[in-house]
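The figures that follow rest on heavy atoms only: side chains count, while hydrogens, waters and symmetry mates do not.
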Amino acid sequence: MPVHRPGSDRTSRTSRIPRPPRPRPVAVLVTAVLAALSLSLPLTSAQAAATPRRGSAHMGMGVLAHDGRHGTPAPGAVTQTEGVDVAGYQGNVDWPTLWNSGVRWAYTKATEGTYYTNPYFAQQYNGSYNVGMIRGAYHFATPDTTSGAAQANYFVDHGGGWSKDGKTLPGALDIEWNPYGAECYGKSASAMVSWIADFLGTYKSRTGRDAVIYTATSWWSDCTGNYGGFAANNPLWIARYASDPGTLPAGWSYYTMWQYTSSGPTVGDHDKFNGALDRVQALANG
């Protein structure tokens, strides 16, 4: 009788398990070629630039990408007053340096949507006031998240109010390209106009002042149908990085403020008020 040795069946079974086939040279070559091609193909826009986190938006965030830069302002005959706009991403601002350079007014981002408040708001808003500047606050609109009224109330409740002290400018509505998605926030032109009117009406009922509208002509044309109905009451703050403000949105025959660069000294965003300092004071007084 044959002798049974422990493990002999296991060994024979293992020896009968088929080995995986070796990669074929052609398949290896094809895989390598495809990998090389994938490295050379251009990235999609979504891959190339990740969507920023909510709350990180700020004035002029989309200007360079959509409108580009076309020179710097040339000296003109009309007196203009230098200003700046700041937001949380800039941290603590060196206000004395800006004052000494001739900056006399400033706007600080207070809120975005109904979900964000600027953690540096106190230093930025009060710091500009403390060195002698006339200051104001702005709200970055996200019309796809909540109503205009809800965002206006949130803005006023978190730093966007107004007081007749001669040093506080009316709040500004920053309405521009959506950094988080569709350019016009998924709204038709008529729906966008309604949203803006809801914000402006609520802000005025809360503060007694007409808010400033910050925008770019190209965005306004695309997303409101170049609506001209706000020009009679709401001062225009135009965004254009060029030698002049260019064509203004419908209804406005002049601008009140002009954001002309995102690469100015100390804080980047610099602006010009269309008039001497007494006109800035007049806007503050209402």
Side-chain angles (χ1 to χ4, degrees), residues 52-64 82-95 98 103 105-131 133-146 148 150-163 167-180 185 196 199-200 202-203 206-207 209 211-216 219 234-239 241 256-264 266-271 273 283-284:
R53 59 180 173 78
R54 286 276 177 180
S56 64
H58 55 87
M59 273 188 173
M61 192 170 184
V63 173
L64 284 176
E82 190 75 5
V84 295
D85 58 270
V86 297
Y89 76 97
Q90 289 151 311
N92 292 324
V93 173
D94 184 354
W95 293 112
L98 286 167
V103 174
W105 60 276
Y107 267 86
T108 296
K109 179 183 177 182
T111 50
E112 177 179 320
T114 52
Y115 51 79
Y116 172 85
T117 57
N118 177 3
Y120 290 93
F121 182 75
Q123 193 277 341
Q124 295 177 346
Y125 188 71
N126 296 330
S128 56
Y129 179 93
N130 290 339
V131 298
M133 294 183 192
I134 300 173
R135 49 76 189 275
Y138 79 83
H139 173 80
F140 192 95
T142 56
D144 58 339
T145 59
T146 45
Q151 294 193 30
N153 282 318
Y154 187 78
F155 178 44
V156 174
D157 292 341
H158 296 87
W162 174 79
S163 58
K167 298 294 291 290
T168 303
L169 293 160
L173 172 64
D174 179 359
I175 185 78
E176 57 175 295
W177 297 276
N178 179 9
Y180 310 117
Y185 301 86
I196 294 170
F199 182 100
L200 298 176
T202 303
Y203 185 82
R206 289 288 306 274
T207 66
R209 292 300 307 271
V212 174
I213 294 177
Y214 168 96
T215 195
W219 183 90
N234 299 96
L236 174 65
W237 188 348
I238 194 69
Y241 303 163
T256 298
M257 290 169 274
W258 168 27
Q259 186 191 56
Y260 66 88
T261 186
S262 60
S263 56
T266 309
V267 293
D269 290 355
H270 275 245
D271 310 88
F273 193 96
L283 180 60

### Test item: Glu176 side-chain N/O and Ala216 main-chain N/O as donor-acceptor pair under 3.5 Å
no
### Query
Under 3.5 Å, side chain of Trp162 to main-chain N/O of Thr207, donor-acceptor pair present?
no
Gap separating the [atom1] atom of [X] from the [atom2] atom of [Y], nearest 0.5 angstrom:
X: Phe155; Y: Asp174; atom1: CZ; atom2: CG; answer: 10.0 Å
X: Asn234; Y: Tyr203; atom1: CG; atom2: OH; answer: 11.0 Å
X: Gln90; Y: Thr108; atom1: CD; atom2: OG1; answer: 9.0 Å
X: Tyr115; Y: Thr146; atom1: OH; atom2: OG1; answer: 8.0 Å
X: Asp157; Y: Thr117; atom1: CG; atom2: OG1; answer: 12.0 Å
X: Gln259; Y: Ile238; atom1: CD; atom2: CD1; answer: 10.0 Å

### Message
Ring centroids only, cut at 6.0 angstrom: are Phe199 and His139 within range, meaning strictly under it?
### Response
yes
Close side-chain approach of [X] to [Y], heavy-atom, < 4.5 Å:
X: Val63; Y: Ser262; result: no
X: Phe121; Y: Asn126; result: no
X: Tyr138; Y: Val212; result: no
X: Thr215; Y: Leu236; result: yes
X: Tyr120; Y: Val86; result: no
X: Leu200; Y: Ile213; result: yes
X: Phe273; Y: Thr256; result: yes
X: Gln151; Y: Thr142; result: yes

Where is the tightest heavy-atom contact between [X] and [Y], given as atom of each residue plus distance?
X: Gly113; Y: Thr145; value: CA-OG1, 4.4 Å
X: Ala137; Y: Ala110; value: CB-CB, 4.1 Å
X: Tyr107; Y: Gly171; value: CE2-C, 4.4 Å
X: Phe140; Y: Tyr185; value: CE2-OH, 3.7 Å
X: Ala106; Y: Ser128; value: CB-CB, 4.1 Å
X: Pro52; Y: Pro179; value: CD-O, 3.2 Å

### Query
Going by distance alone, is a donor N or O of one side chain under 3.5 Å from an acceptor N or O of the other, for Thr261 and His270?
no
### Task
State whether a side-chain donor-acceptor pair under 3.5 Å links Asp85 with Trp237.
no
### Task
Evaluate the side-chain contact (heavy atoms from CB on, under 4.5 Å) criterion for residues Leu98 and Met133: first the C-alpha distance (whole Å), next the side-chain angles of each, then the deciding distance (0.1 Å), finally the verdict.
CA-CA 10 Å; Leu98 286 167; Met133 294 183 192; 3.9 Å; yes
### Query
Residues two or more places apart in sequence or in another chain: which of them pass salt bridge (Lys or Arg N to Asp or Glu O under 4.0 Å) with Glu112?
Lys109
### Query
Please walk me through it: do Tyr214 and Ile175 pass side-chain contact (heavy atoms from CB on, under 4.5 Å)?
CA-CA 6 Å; Tyr214 168 96; Ile175 185 78; over 6 Å; no
### Message
Testing Asn130, Thr168, Asn118 one by one against Tyr125 for a side-chain contact (heavy atoms from CB on, under 4.5 Å), which residue passes?
### Response
Thr168
### Identified side-chain contact (heavy atoms from CB on, under 4.5 Å) counterpart of Trp95 within the set Val267, Thr266, Val131
Val131
### Task
May I ask you to check whether over 12 heavy atoms, not counting those of Tyr180, lie within 6.0 Å of atom OH?
yes
